[in-house]
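In what follows, residues are counted from 1 in the order of the sequence shown. Note that the structure is a prediction, hence the values are computed from the model and not measured.
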Amino acid sequence: MKGKDTMKAAIWMLAFLMGCVALSHAANSKSPAVLFQEALYQEETEGDLDKAMDLYKQVIEQAADVERVAARAVYQLGLCHLKKGEKEQAATYFRQVVRQYPKQAAVNSKAQKQLNKIAPANDIISQSYVIHYKTINSSEEGLKLFNQKHPKGVRTHHANRYRKNGEQINSICTDTQEGTDKIVEMLRQHPQLEFIKVVPPVSQAGKQVIFTDGFEKGDNTPDGWVKGQSVDGVHYIWDRKNGSDGNSSLCLKKTAQTYFPIAQWTRKVAHTGNAKKLSVSAKVRARGAYKAVIDALFLDGSGQWIKHEWVYYIGAREKGDPPTNHNWLNCSGSVEIPDSTKTIVIGLQMYGPGTVWFDEVEAAYITDNRDNTEFAYKLNQTVSVNISHSPNNSKLSVQYAVMAIAKAAGVPYQWEKSQKLAGTKARQYIQPVNFENTPATEALIEILEAVGLSYSVDEAGIFLSDTAAIVEKAVLTISTCAETDPRIKTAMESLKKLDETAVVNEIVKHLDSDENTVRRSAIYVLWQGGFSTIDPTVKKLEALCSHSEDLTRGMAALALGQNKVSSSFDSLRKMTQDDASSYARRCAAYGLGLLGNPKAKPVLEKAVNDPDKLVRSNANAALKMLELETPPVAENPAKADEMKAESLAAEGWTLWRQRKLPEAEAKFKEAVRNNPVNENAWQGLGWAQLNQGKKKNAEDSFKKCVKLNPKNSAALNGLGWIAHGQSDKDTAIKWWEKAVKASGGHATASLNGLTQTYMEMKEYDKAVKYYKMWLKVEPNNQDAKAGLKKAKAQMN
């Protein structure tokens, strides 16, 4: 599947952006906060907008991992452009705030207000109120009545009709609150029309449009879209003569009589907000098409694949069916968005032979199925809160102030829920508050930031949350429980509702506890928590492998093994061989099996003869784990079952896209047992192993793939990232350069690796070379543009 390389571009991006941030901090001794104040001075006091904008850009670059500062700098950049009369550029920055920093509610609200003034009809947050109602009599009679009684001067347009509990529901859109009030009043007064609800602007007819594209703009490719890897028998066409509405469309034409590798056009967008469902629609035209799909891929904050799902299928449905032929049709579907999604990739994909055109593609969040959108909307409305004191105190409790703001905004408030989550911090006192005409979110942030609290909104309303308190409560609870105590499960579940990075950072503090049970409880959370990364805790866990308490040493070994921390191999090996505690030895032996490093085999073979029965048992189990890592292959390749291997590989890729990685790995292993020269299966095995953290096994699989096909750019790219993860930059560069050459310059994931690595090595001329190559493939990639500018600046 050679086309995977482009899709992998997002997977490792964040790690290297973080590396750039570190370099930038080292180069500039001024903190982002100081730079921000200097920029603000230049903008508001000196009036030097250009100098202010340069400083704001430095702030964004240096504070990429500090959302509060970065969001404010992006917002101020938008204001600077607005002051210069550059509305389009200003709107770009305001949209960036709305989409990229949803948690920074105060500045997010300000950015949205600016967008409302600049481009009220075209932004991601809809400006229409949607009124849902039903008719007592027939729907046709009801619609006539509605039109007859329609308030004068109120502009409306039809939204949609849908059925709920067997009844037809109508909906109508209005542009203003005043018009909405008049319509609702009319509905409530009319005996044959029944008002149901109003969905405010945050959710126009149940959706927030992420993007719409008719493919009319661009240079070599349409703006925002990237074509996949070169595939034999496939033509990527930006058709400038055929379109459903305008003049252009995207086309995939495949003459090769195979389903793999696939061809695709992709567009990547950041996922913001709390929407749980994605809809994608397009107008599609097909000629002799056997199999094409509209696809949605979901990535987490580290760029790792969470799942992949087809939104719409085009082509023959059953074996033996003829290919599909049709003119432009409206095609749409929806899929669930996984909770940890940070990036969405929309793919227009072609598997089998035929020709398919795509036009008027729209991606949108479906929000009408979440009641809390109305609460979130209300929190962003203007309210007036004036409280001189709490009932029985000259000062004001934080909790009482939050209750008052929630009440003013019309949002339910959960006192008991907040008290349980936030602990004693919620009862701290502050000075009396007076918020005149201030959005509720800004008022909340102003109060809560001072005492280290945050708030959340769910279907029940608003409540306070405190990550540190919740983590502390979970750790302390587990520290008092026996292994089978159901309270352990409850405590672990409470952590899953929180930001994963914040939880891991809080766990670090408890690893230093002088209380053995608390320290072991923190290790248990890292062992069983299923975190995507535990990097902030690794050094302390490795140090705990030498702790005086044997239970602590053993549990630390299990946590390191479970999380595939390759740097812990020597610690686990030494513990398995030499530790005086049989408990520590058996945990370390099992940890080596979890780690998956084949070098552990001699150590475990010795441990099979350990005097302790449980150590011997765990060593045998670990050896079996290692045996599963590298599959045996057919002794006689001439007897290989090629058809069965291809079928198994296809099943493996399906499981891999669904993030069922162990199952996918098993299918790929079975495929290579049936046909050891199946390049597709070896490549899939490599990615299934790498995505589970089995880097050594993935390296072996990728090398077998490259031996079969030295031009498999996806496998070459994987080898590059593995080498980079081992701090072997020279080897990583060699693999990536081979991948770029093999792909004809289109391996964007490898180009990303090359540019970032050469920037780290301060070889700016080489970085410039590869940034330019990257921009030829993705001319609108903002990371590549910013990187090229920075590299050139360093050269000067």
Side-chain angles (χ1 to χ4, degrees), residues 15 18-19 22 302 471 475 478-479 495 500-604 606-607 615 618-619 622 625-626 629 690 692-699 722-728:
M18 293 298 289
S302 300
V471 171
V475 170
I478 294 170
S479 72
L495 300 180
E500 181 180 292
T501 303
V503 171
V504 173
N505 286 331
E506 286 298 326
I507 289 291
V508 174
K509 303 172 185 177
H510 299 285
L511 293 175
D512 292 328
S513 177
D514 292 331
E515 295 184 42
N516 291 337
T517 55
V518 172
R519 181 175 58 255
R520 295 198 302 264
S521 175
I523 299 172
Y524 178 88
V525 172
L526 295 172
W527 173 29
Q528 297 290 343
F531 301 110
S532 58
T533 178
I534 62 164
D535 286 350
T537 69
V538 167
K539 287 185 178 179
K540 288 194 175 183
L541 281 175
E542 290 178 341
L544 289 174
C545 287
S546 302
H547 195 272
S548 58
E549 192 206 36
D550 54 358
L551 295 178
T552 294
R553 295 197 303 279
M555 290 188 68
L558 289 171
L560 289 164
Q562 183 67 43
N563 288 281
K564 311 291 183 185
V565 180
S566 57
S567 63
S568 68
F569 175 78
D570 287 336
S571 297
L572 270 60
R573 175 187 56 77
K574 184 177 179 181
M575 195 186 302
T576 304
Q577 290 176 327
D578 305 328
D579 202 289
S581 165
S582 61
Y583 176 83
R585 292 200 305 278
R586 64 176 178 256
C587 290
Y590 198 80
L592 283 174
L594 292 169
L595 205 59
N597 188 334
K599 291 181 181 179
K601 189 175 180 181
V603 179
L604 293 169
K606 289 182 180 178
V615 174
N618 280 6
M625 284 188 245
L626 293 181
E629 298 300 331
L690 185 57
Q692 293 178 82
K694 300 176 179 179
K695 296 179 182 178
K696 179 59 182 173
N697 305 103
E699 183 178 8
I722 291 171
H724 190 276
Q726 297 167 343
S727 300
D728 188 350

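For the atom pair CD of Gln528 and CG of Leu558, the computed distance is 8.5 Å after rounding to the nearest 0.5 Å. Here NZ of Lys599 is found 8.5 Å from CG of Asp570. Values are rounded to the nearest 0.5 Å. Of the inter-residue distances, the one linking Leu560 atom CG with Phe569 atom CZ reads 13.5 Å to the nearest 0.5 angstrom. We find the CZ-NE2 distance between Arg520 and His510 to be 16.0 Å, quoted to the nearest 0.5 Å. Between Leu572 atom CG and Glu542 atom CD the span is 9.0 Å, to the nearest 0.5 Å. Here Arg519 contributes atom CZ and Leu551 contributes atom CG; the two are 9.5 Å apart, rounded to the nearest 0.5 Å.
Counting only heavy atoms from C-beta outward, the side chains of Ser566 and Asn597 never approach each other to under 4.5 Å. Using a 4.5 Å heavy-atom threshold, the side chains of Tyr590 and Arg586 count as separate. Counting heavy atoms from C-beta outward, Ile523 and Ile507 have side chains that stay 4.5 Å or more apart.
Remark: Glu515 pairs with no residue by the salt bridge (charged side-chain N to carboxylate O under 4.0 Å, His left out) rule, at least two apart or across chains. In this structure, the side-chain contact (heavy atoms from CB on, under 4.5 Å) partners of Ser571, at least two apart in sequence or on a different chain, are Cys545. Judged as a salt bridge (charged side-chain N to carboxylate O under 4.0 Å, His left out), and not counting sequence neighbours, Asp728 has no contacts.
Between Asp550 and Arg553 no salt bridge is recorded (no basic side-chain N to carboxylate O distance below 4.0 Å).
Nearest approach of Asn563 to Leu526, heavy atoms of both residues: ND2-O, 3.1 Å. Of all heavy-atom pairs spanning Leu511 and Ala522, the tightest one is CD2-CB, 3.9 Å. Nearest heavy atom pair, residue Val565 against residue Ser568, reads O-OG, 2.6 Å. Contact between Tyr583 and Met555 at its shortest, heavy atoms only, is OH-CG, 3.6 Å. In this structure, Ala607 and Ala619 approach most closely via the heavy-atom pair CB-CB, 3.7 Å. Closest heavy-atom contact between Cys587 and Asn618: N-ND2, 4.4 Å.
The backbone N or O of Ser521 sits nowhere less than 3.5 Å from a side-chain atom of Ser479 that would complete a donor-acceptor pair. Looking only at distances, no side-chain donor or acceptor of Lys540 sits under 3.5 Å from a matching main-chain atom of Asp512.
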Stepwise side chain to side chain contact (heavy atoms under 4.5 Å, CB included) test for Leu541 and Ile534: CA-CA 10 Å; Leu541 281 175; Ile534 62 164; 3.7 Å; yes

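For the residue pair Arg585/Thr576, the side-chain donor-acceptor check at 3.5 Å is not satisfied.
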